[in-house]
Amino acid sequence: KKAGMSSPTFYHYFPDKRELFMEVIEYVINEWKAKLLDALAREPDPTKKTIIMFRTFQQHYPKVGEVLNHLRAGVAIGDRWAQNKLKHVYDALMENILKLTKESIEKGTIRKVDPELLAYFFFMIDEAAIQRLALDDRYTTKELMSFVADMIAFGFLTQQGKEQLESYRQNRTD
């Protein structure tokens, strides 16, 4: 009503409200991807590309995060439509992360692991970092990115922690 559109007109263009939601999702993702691809096209350095990807995601997170949260809520209650759409959104959002991850594995700068799982892991780290930055001014984006880079490069376990983990892995029965 607020848009001045009658119900029959709305349903002429969209079979239901979910299809309108998907159009909004596609618009948000395509807007983000266009800005990202434009920025990445001018940068050959993989490390700088990861920074560009993070900053672009951070700039678009208010819209992208809202979409993700709506779909995640649907997944939490067992909605198969939401699950399928969330997978579609994650695939679109992680496309460039996955590409860069595969390239890095091929070049030998990242060890051989499942690139899809690693890309998902990177995406979740980025999202957690954005959430942390939004809480207060305790950390700058640069400080947080430096911390994440350190954790990715060097991990967080000491030698003792690694030995305990390996012992646990060897003694697991499940």
Side-chain angles (χ1 to χ4, degrees), residues 1-3 5 10 13-43 45-104 110 113-153 155-156:
K1 287 181 181 181
K2 287 183 180 181
M5 183 183 296
F10 173 85
Y13 292 101
F14 304 101
D16 57 34
K17 291 178 184 176
R18 284 183 160 189
E19 289 306 314
L20 173 62
F21 182 62
M22 280 313 300
E23 285 292 322
V24 170
I25 290 170
E26 292 299 324
Y27 175 81
V28 167
I29 290 171
N30 289 336
E31 180 184 55
W32 169 74
K33 283 176 78 172
K35 299 245 175 160
L36 178 64
L37 292 175
D38 182 53
L40 290 176
R42 298 184 302 259
E43 182 55 63
D45 181 76
T47 302
K48 289 181 181 174
K49 282 184 176 186
T50 61
I51 294 167
I52 289 168
M53 290 184 338
F54 176 81
R55 290 193 185 276
T56 306
F57 184 53
Q58 183 182 25
Q59 290 166 354
H60 287 81
Y61 192 75
K63 292 178 185 175
V64 173
E66 188 172 349
V67 167
L68 290 170
N69 288 334
H70 281 292
L71 291 172
R72 288 176 185 144
V75 170
I77 61 169
D79 184 339
R80 299 291 283 166
W81 180 88
Q83 183 181 18
N84 291 334
K85 297 306 178 188
L86 184 59
K87 177 159 181 4
H88 167 74
V89 170
Y90 277 140
D91 288 347
L93 292 174
M94 292 192 302
E95 180 181 346
N96 289 299
I97 297 171
L98 181 59
K99 180 181 175 189
L100 191 57
T101 301
K102 286 179 178 178
E103 289 172 3
S104 297
I110 292 179
V113 295
D114 183 320
E116 185 178 336
L117 286 177
L118 187 56
Y120 192 88
F121 179 76
F122 287 150
F123 180 84
M124 292 298 127
I125 288 173
D126 285 351
E127 193 170 10
I130 289 168
Q131 293 292 327
R132 180 59 190 95
L133 286 169
L135 294 177
D136 56 41
D137 294 334
R138 184 171 175 191
Y139 304 102
T140 66
T141 300
K142 187 175 180 178
E143 289 170 332
L144 203 101
M145 290 177 75
S146 178
F147 175 81
V148 169
D150 182 72
M151 290 298 104
I152 290 170
F156 54 88

Got [X] and [Y] here, is their nearest side-chain heavy-atom distance under 4.5 Å?
{"X": "Glu103", "Y": "Lys99", "value": "yes"}
{"X": "Leu37", "Y": "Asn96", "value": "yes"}
{"X": "His88", "Y": "Asp91", "value": "no"}
{"X": "Gln131", "Y": "Tyr61", "value": "yes"}
{"X": "Val64", "Y": "Ile29", "value": "no"}
{"X": "Leu68", "Y": "Glu127", "value": "yes"}

Drop me the distance from [X]'s [atom1] to [Y]'s [atom2], to the nearest 0.5 angstrom.
{"X": "Ile97", "Y": "Phe121", "atom1": "CD1", "atom2": "CZ", "result": "12.0 Å"}
{"X": "Ile25", "Y": "Met22", "atom1": "CD1", "atom2": "CE", "result": "4.0 Å"}
{"X": "Ile110", "Y": "Thr101", "atom1": "CD1", "atom2": "OG1", "result": "5.0 Å"}
{"X": "Glu26", "Y": "Lys33", "atom1": "CD", "atom2": "NZ", "result": "8.5 Å"}
{"X": "Ile51", "Y": "Asp45", "atom1": "CD1", "atom2": "CG", "result": "8.0 Å"}
{"X": "Ile130", "Y": "Leu135", "atom1": "CD1", "atom2": "CG", "result": "12.5 Å"}

Checklist entry - In terms of heavy-atom contacts, does CD of Glu116 have more than 12 from other residues, nucleotides or ligands at under 6.0 Å? => result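 No, the 6.0 Å shell around CD holds no more than 12 heavy atoms from other groups.
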Checklist entry - Given Leu100 and Met53, is the side-chain contact (heavy atoms from CB on, under 4.5 Å) satisfied, shown in steps? => result CA-CA 10 Å; Leu100 191 57; Met53 290 184 338; 3.8 Å; yes
Item to check | Charged N-O contact under 4.0 Å between Glu43 and Arg55 | outcome: no
Item to check | Ring geometry between Trp32 and Phe57 (parallel below 30°, tilted from 30 to 60°, perpendicular above 60°) | outcome: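 Plane angle over 60°, so perpendicular.
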Checklist entry - Is it true that a side-chain atom of Asn69 and a backbone atom of Gly65 form a donor plus acceptor pair closer than 3.5 Å? => result yes
Checklist entry - Within the side chain of Ser146, is there an N or O that forms a donor-acceptor pair under 3.5 Å with the backbone of Lys142? => result no
Checklist outcome for this item: With sequence neighbours left out, the residues meeting ring-ring contact (aromatic ring centres under 6.0 Å, His included) with Phe21 are His70
Checklist outcome for this item: When Val75, Leu71, Asp79 are each screened for side chain to side chain contact (heavy atoms under 4.5 Å, CB included) with Lys85, the one that passes is Leu71
Checklist entry - Do you know the tightest heavy-atom contact between Lys102 and Pro115? => result CG-CB, 3.8 Å
Checklist entry - Can you name the side chain to side chain contact (heavy atoms under 4.5 Å, CB included) partners of Lys35, sequence neighbours left out? => result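 If we apply the side chain to side chain contact (heavy atoms under 4.5 Å, CB included) test to Lys35, skipping adjacent residues, the hits are Thr56, His60.
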